[in-house]
Amino acid sequence: MPDPSTNSTANPSPVPRPSSLLDLSKVRLDPAWAFRVPAAIALRRLALPLCAIDGELAVAMADPADAQTIDAIRAAAALPVRPHPAAPDALRAALLRVYGDIRDAQSRPADAAEADPVAVVDRILRAATLRQASDIHFNPQRSGLAVRMRVDGRIEDFTRLPPDLATAVASRIKVLARLDIAERRAPQDGAFVWTPPATRADAAPVPMDIRVATLPVRHGERLTLRLLESGRERLTLPALGLAPGDMARFRTVLARPHGLVLLTGPTGSGKTTTLYAAIRELLDGPPLNILTVEDPVEYEIEGISQAEVDATDKVSFAKALRSLLRHDPDVVMIGEIRDETSLDTAVKAALTGHLVLSTLHTNDAIGAVTRLRDMGLAPHLLAATLRLSMAQRLVRRLCPACREPYALTESDAALLGRPSLAGTTAYRPRGCLACAGRGYTGRTGLFELAMPDAALSSFIAAGAPESDLRAALHTPTLLDDAIQKLLSGETSLPELLRTLGPAQ
């Protein structure tokens, strides 16, 4: 949870109040601040804390002149309050999303809600959906249960629960995931479906698939929850961040009837998201028989057959792969080329007239060639099957509502390895209501495509070293794509340096 004591000041007087109504559909609130205010106050007074910006707590209010409510919120949050007028109906819908059932929240004492593990878990799940988190971490420590969330690829502290509540919260989550609550000395894996509250009476809530993993640690059980709904609506090629030229090349490869398409990058670089986006692109074309082997299936896609690896070994990765080609597929997606078995299946499928999509852990696009050769694939087979190797990374996207321009310094340009960029306009984060004061909202991809032509294929077939392959590759690199996104205001220099490191 944010520590408001670090930037608490006296409430300014008078408080400037915006005259136009706040559009809550364009606001990304920070639930850590919303939950600092008792639900009874927020619901009764129609006042919703949004986020802290420049040492002030922005609050959406039906009556921004209500001094009594402002004083109560300031006392609860220990921050000066800046009210923003909002329509009562929109406020009620937003309050429902934050606090759940209004009647239950109004009738339940605050201290009872804090001690109820069912209410605590429900509050944390609601907060995670509001923050569009991808993961929730419950980390037991001597001082209590630290709850953190991964938002846009970065870990954020949310709250710390007292030690006597840690076991009850873990048990509640294990009950939801149908795990053995008595087993605390062995790791367990499970899943459940959670439905967040609807924002309108006429809107059906969207269920969320949540994967649960437990691990015994020094002071109890650590739990990690993966929230799988947050990226489902973004699984399309146009939403990935590919440059127009790269998009056209990727679509050209997907239109081919056979060959091997590899997505490369470290864990968490968005490879699986790109795989699913490619599958959706194929589904929009002529009818195809598409089969996948995944560990696990992260998103269910209507119209394809998805085989999930079973922990009991009834459906192992090797068994699923051996059976794959007997089902007459047009397109095969293998979650990851992890060993010689998966590599052999992928190459055989690509050689026998199938389009094969998979992932590989390498740092750049051309590094996939070296990695596959190290795994024992003959160079001539690699040259005959590889149609595309695409490296990618994820960077946070600057909030378009508040990003501010500035001129790159000579030291900035040196970090990018491009001295000529000194004085060029780039953009940096600031923070506003649209991004909950973070300066960033969502993520975008950085891409590097290696699409072998006749010359590069001949180098691959001859077993040429990686340096010669890279010299023969005349396409933009990850750094080139990163610089283009920096100058266009999509991301910032610190994000690029965090993701790619300074230029050598």
Side-chain angles (χ1 to χ4, degrees), residues 1-18 22 24 27-86 88 90-100 102 105-106 108-115 119-120 122-124 126-133 144 146-149 151 156-162 402 430-439:
M1 180 180 296
D3 182 7
S5 62
T6 58
N7 54 3
S8 177
T9 59
N11 197 43
S13 180
V15 177
R17 296 186 178 94
L22 183 66
L24 289 175
V27 169
R28 189 177 185 183
L29 64 87
D30 184 346
W33 288 106
F35 288 131
R36 289 185 68 89
V37 175
I41 294 178
L43 296 167
R44 186 169 60 250
R45 303 297 181 89
L46 289 184
L48 176 61
L50 300 173
C51 62
I53 300 176
D54 297 331
E56 293 181 326
L57 182 61
V59 180
M61 300 181 64
D63 180 9
D66 184 351
Q68 185 178 2
T69 299
I70 290 175
D71 289 342
I73 293 175
R74 181 172 65 246
L79 271 187
V81 171
R82 180 174 292 271
H84 294 263
L91 261 176
R92 290 188 184 95
L95 289 164
L96 178 61
R97 292 176 58 205
V98 175
Y99 297 106
I102 292 178
Q106 287 176 320
R108 178 182 298 184
D111 55 351
E114 289 297 323
V120 169
D122 186 66
R123 174 167 62 92
I124 292 171
R126 287 200 309 273
T129 59
L130 291 168
R131 284 295 295 134
Q132 300 176 8
V147 182
R148 304 196 296 174
M149 300 179 183
V151 180
E156 295 183 359
D157 292 329
F158 176 67
T159 190
R160 183 177 293 273
L161 302 176
C402 65
R430 187 174 183 278
C432 68
L433 293 177
C435 58
R438 263 69 171 183

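Note that the structure is predicted; figures quoted are calculated from it, not measured.
Put simply, CG on L130 and CZ on R28 are 10.5 Å apart, with the number rounded to the nearest 0.5 Å. Taken from CG in D66 to CZ in R45, the straight-line distance is 5.5 Å, to the nearest 0.5 Å. Here CZ of R148 is found 13.5 Å from OG1 of T159. Values are rounded to the nearest 0.5 Å. Atom-to-atom distance recorded for I53:CD1 and L79:CG is 11.5 Å, nearest 0.5 angstrom. To the nearest 0.5 angstrom, E156 atom CD is 7.0 Å from D30 atom CG. Going from atom CE of M61 over to atom CD1 of I70 covers 4.5 Å, rounded to the nearest 0.5 Å.
Between L95 and L46, some side-chain heavy-atom pair lies under the 4.5 Å cut-off. Side-chain contact check for Y99 versus L48: some heavy-atom pair is nearer than 4.5 Å. Counting heavy atoms from C-beta outward, L50 and L22 have side chains that approach closer than 4.5 Å.
L433 pairs with exactly one of V27, L29, L24 by the side-chain contact (heavy atoms from CB on, under 4.5 Å) rule, that one being V27.
Closest non-hydrogen pair, V59 versus A47, comes out as CG1-CB, 4.2 Å. Taking both residues in full, the closest heavy atoms of C51 and W33 are given as CA-CD1, 4.3 Å, listed atom of the first, atom of the second, then distance. Here the closest heavy-atom approach between residue C402 and residue G439 is recorded as SG-CA, 4.4 Å. Taking each heavy atom of R82 and H84 in turn, the nearest pair found is O-CD2, 3.2 Å. Summarising the geometry of V98 relative to R126, their closest heavy-atom pair is O-NE, 2.7 Å, with the distance given to 0.1 Å. M149 and A127 make their closest contact through CE-CB, 3.8 Å (heavy atoms, listed as atom of the first residue, atom of the second, distance).
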Trace of the side-chain contact (heavy atoms from CB on, under 4.5 Å) decision for D54 with R430
CA-CA 10 Å; D54 297 331; R430 187 174 183 278; 4.2 Å; yes
